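Here is how names work: the chains are called A, B, and so on, in the same order as the sequence lines, proteins then strands, and each is numbered from 1. What you see is a predicted model, and the numbers here were worked out from it, not measured in a lab.
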There are 2 protein chains.
Amino acid sequence: MEDGRQQVVGLLFPSDFFGRPFEEQSPFSFEAATDVEICVFERQAFQSLLERFPEVEHELLVQVLTELDAAREWMVLLGCQSAREKVASFLLMLLRRSTLIGCEKAGKPDAPIVTFPVSRRDVALYLGTTPETVSRQVQWMSRNNIIKIIDGQTFEITNPQKLALTAAREEWLDQLSA
Amino acid sequence: MEDGRQQVVGLLFPSDFFGRPFEEQSPFSFEAATDVEICVFERQAFQSLLERFPEVEHELLVQVLTELDAAREWMVLLGCQSAREKVASFLLMLLRRSTLIGCEKAGKPDAPIVTFPVSRRDVALYLGTTPETVSRQVQWMSRNNIIKIIDGQTFEITNPQKLALTAAREEWLDQLSA
DNA sequence: CGAGTCTTTGAAATGGCTCAACTAAGGTGG
DNA sequence: CCACCTTAGTTGAGCCATTTCAAAGACTCG
C-alpha cells in the first residue's frame, strides 16, 4: 500500500506462471525469495502466441482458475482464522505444496519436513499478522509436540493430525495442553 | 468453513459470470442477495463451446484475470486494513461498481448515493469483521459528515474525498474529529 | 571480531469481538 | 387496524487476542 503496509498475495513455486497478460502492467510486484531461474516472454509475442495456439491459452485459463480458487481460499483464512490457525494452515499448505513438487519426499516419507521459503516477516505479511505472532505460534506448536524445530527455518511435522486440527479450531487443543 | 464460520469471497453484479469450468464443482457456494435473473449453461456444453470458440475462451480468460486481481486486492484489504478502512473501502468499491453499471448515476451525478446490496451481516462477512463493527463505523462516518444515512441501507456520500482518505489511513481524521 | 539483520521473548496497550440489551421495522393473525 | 412476534440494526461495556514497543539472544558477513 501507499503508506508502506504490505500484504503478500501469493507464493510462487517452480513451474508457476506469473505476470499479467492483456494489461500494461501487473498491479502487484514480484519478489524473489530464493535464487530463481525465470523464463521470460516478451508481452506482445506471448499474447500473439496465445492467440495462435488456443490450447496454450486454455492451459493458462485452467491455471488462472486454480489460482483464483487458491486466492479465495486464502481470503477465508485471512478473514476468519485466528493467528494460530493461520500458521497451522500455512504449514499444511507448505507440506502439500512441497510433497506435490517432490522436493522433500525423497528423504523420509514418514517424517514430513517443511521449510519456510521466506523470512518470518514475509510469512507474517502473507498471513496478515506480525513476525512476533508467527514466532509465538511456532514456538507454541513446538512446545505442544506438533512440530519440531530443526533450525528456525525448517520444521519436522511430528504430529500432522494435531496440526490439521490446529488449523481448523484450537479450542480443544488448548484444553489438552492446560 | 466446517465449523460454521463464513467468509464472503466475492460480490457479483449484473453480467458477471460465475461457476467453475473444468471442475466437477465449485469449492464455494453462491447465494442470491436480491431477485436475480440467471443464464445457465450445461457444463459439458459450455466447455465444448469454449473449445470450439477460442475467442469466447479468451474473453473468459480476461475476465478471470480481472477477478484474480480483484481477489488479491481484497486480500490486501483483509490482511492489513483496520475496520474503519475496510468499511470505507467497501463504500468506495460500491460507488465505483454502481457508477460503472450506471444504476445510480441517472439521478444526480454530484451527490453520489450507494446502497448496501446485502445485509449488515453479509457485509461484515465480506470484510472479515462483525455486523456490530460495521454499524459502528458507518455511524462514525455519519457523525463525521463523510456520509449521510438515508435509510440504513442507503448512504449519500457527502464527502467522497474524506471517504477516500478514510479508506487509506485514519489517523489524521481522528485528530480532526477530536 | 564487530556491525547488522533476523528471531525470540516479555510486558503493556488497544482494536475489535462478544455478549446483552434496546429500538425499529415488517409481517401475521385475531 | 392493532397487539404481537420476529428479524435486523444499533449501542454500550467488558474482555481478550494480537499488536506494539523494547530488548536480548542468535547468525551472517565483511
Side-chain angles (χ1 to χ4, degrees), chain A residues 3-7 31 33-35 77-90 115-144 147-155 166 169-171 173-175 177-178, chain B residues 3-7 31 33-34 77-90 115-144 147-155 166 169-171 173-174 177-178:
Chain A
D3 60 13
R5 284 179 293 183
Q6 297 186 309
Q7 173 68 38
E31 226 167 274
T34 63
D35 287 345
L77 177 143
L78 287 172
C80 53
Q81 301 213 145
S82 71
R84 177 161 305 159
E85 292 166 336
K86 287 178 181 178
V87 175
S89 299
F90 184 63
T115 308
F116 276 5
V118 292
S119 70
R120 287 279 189 288
R121 189 174 154 272
D122 290 330
V123 173
L125 253 25
Y126 190 33
L127 298 175
T129 183
T130 59
E132 291 95 327
T133 299
V134 173
S135 178
R136 279 185 245 273
Q137 298 310 327
V138 169
Q139 300 303 325
W140 181 89
M141 288 187 213
S142 169
R143 281 198 303 280
N144 287 81
I147 61 175
K148 194 169 137 212
I149 301 174
I150 309 281
D151 77 351
Q153 223 72 267
T154 319
F155 310 95
T166 306
R169 38 174 55 263
E170 56 187 15
E171 291 89 33
L173 268 181
D174 280 350
Q175 298 169 355
S177 69
Chain B
D3 58 14
R5 284 179 293 183
Q6 297 186 309
Q7 174 67 37
E31 226 167 273
T34 64
L77 177 143
L78 287 173
C80 53
Q81 300 212 147
S82 69
R84 178 161 306 158
E85 292 167 336
K86 286 178 180 179
V87 175
S89 300
F90 184 62
T115 307
F116 276 6
V118 292
S119 70
R120 287 279 189 289
R121 188 175 155 273
D122 290 331
V123 173
L125 253 25
Y126 190 33
L127 298 175
T129 183
T130 59
E132 292 95 326
T133 299
V134 173
S135 178
R136 279 184 247 273
Q137 298 310 328
V138 168
Q139 300 302 324
W140 181 89
M141 289 188 213
S142 169
R143 280 198 304 279
N144 286 82
I147 61 175
K148 195 169 136 210
I149 300 174
I150 309 279
D151 78 349
Q153 223 72 267
T154 320
F155 310 95
T166 306
R169 42 174 55 264
E170 56 187 16
E171 293 90 31
L173 269 181
D174 280 350
S177 69

Specify the separation, in whole Å, of atom CH2 of B/W140 and atom C1' of D/dT11.
18 Å

Please tell me if the side chains of B/V134 and B/K86 come closer than 4.5 Å, counting only heavy atoms from C-beta onward.
no

Rounded interatomic separation in angstrom, taking CZ from B/F116 and P from D/dA8:
16 Å

B/G152 backbone acceptor or donor facing B/R120 side chain under 3.5 Å:
yes

Using a 4.0 Å heavy-atom cut-off, write out nucleotides 7-13 of chain C from 5' to 3' as B (base contacted by protein), S (sugar-phosphate only) or - (no contact).
SSBBB--

Tell me whether the OP1 or OP2 atom of D/dT19 has a side-chain N or O from A/T129 closer than 4.0 Å.
yes

So which heavy atom on A/S142 is nearest to which on A/I149, and how close?
CB-CD1, 3.8 Å

Nearest heavy atoms of A/Q7 and B/C80, plus distance in Å:
CB-SG, 4.0 Å

Atom CG of B/L125 and atom P of D/dG9: how far apart are they, to the nearest Å?
13 Å

Gap between atoms CG and P, on B/L127 and C/dC17 respectively (whole Å)
10 Å

A/A124 to A/P131 - nearest heavy-atom pair and separation:
CB-N, 3.4 Å

B/V87 vs B/V123 side-chain heavy atoms within contact, under 4.5 Å:
no

Separation of D/dT18 atom P from A/Q81 atom CD, nearest Å, is 11 Å

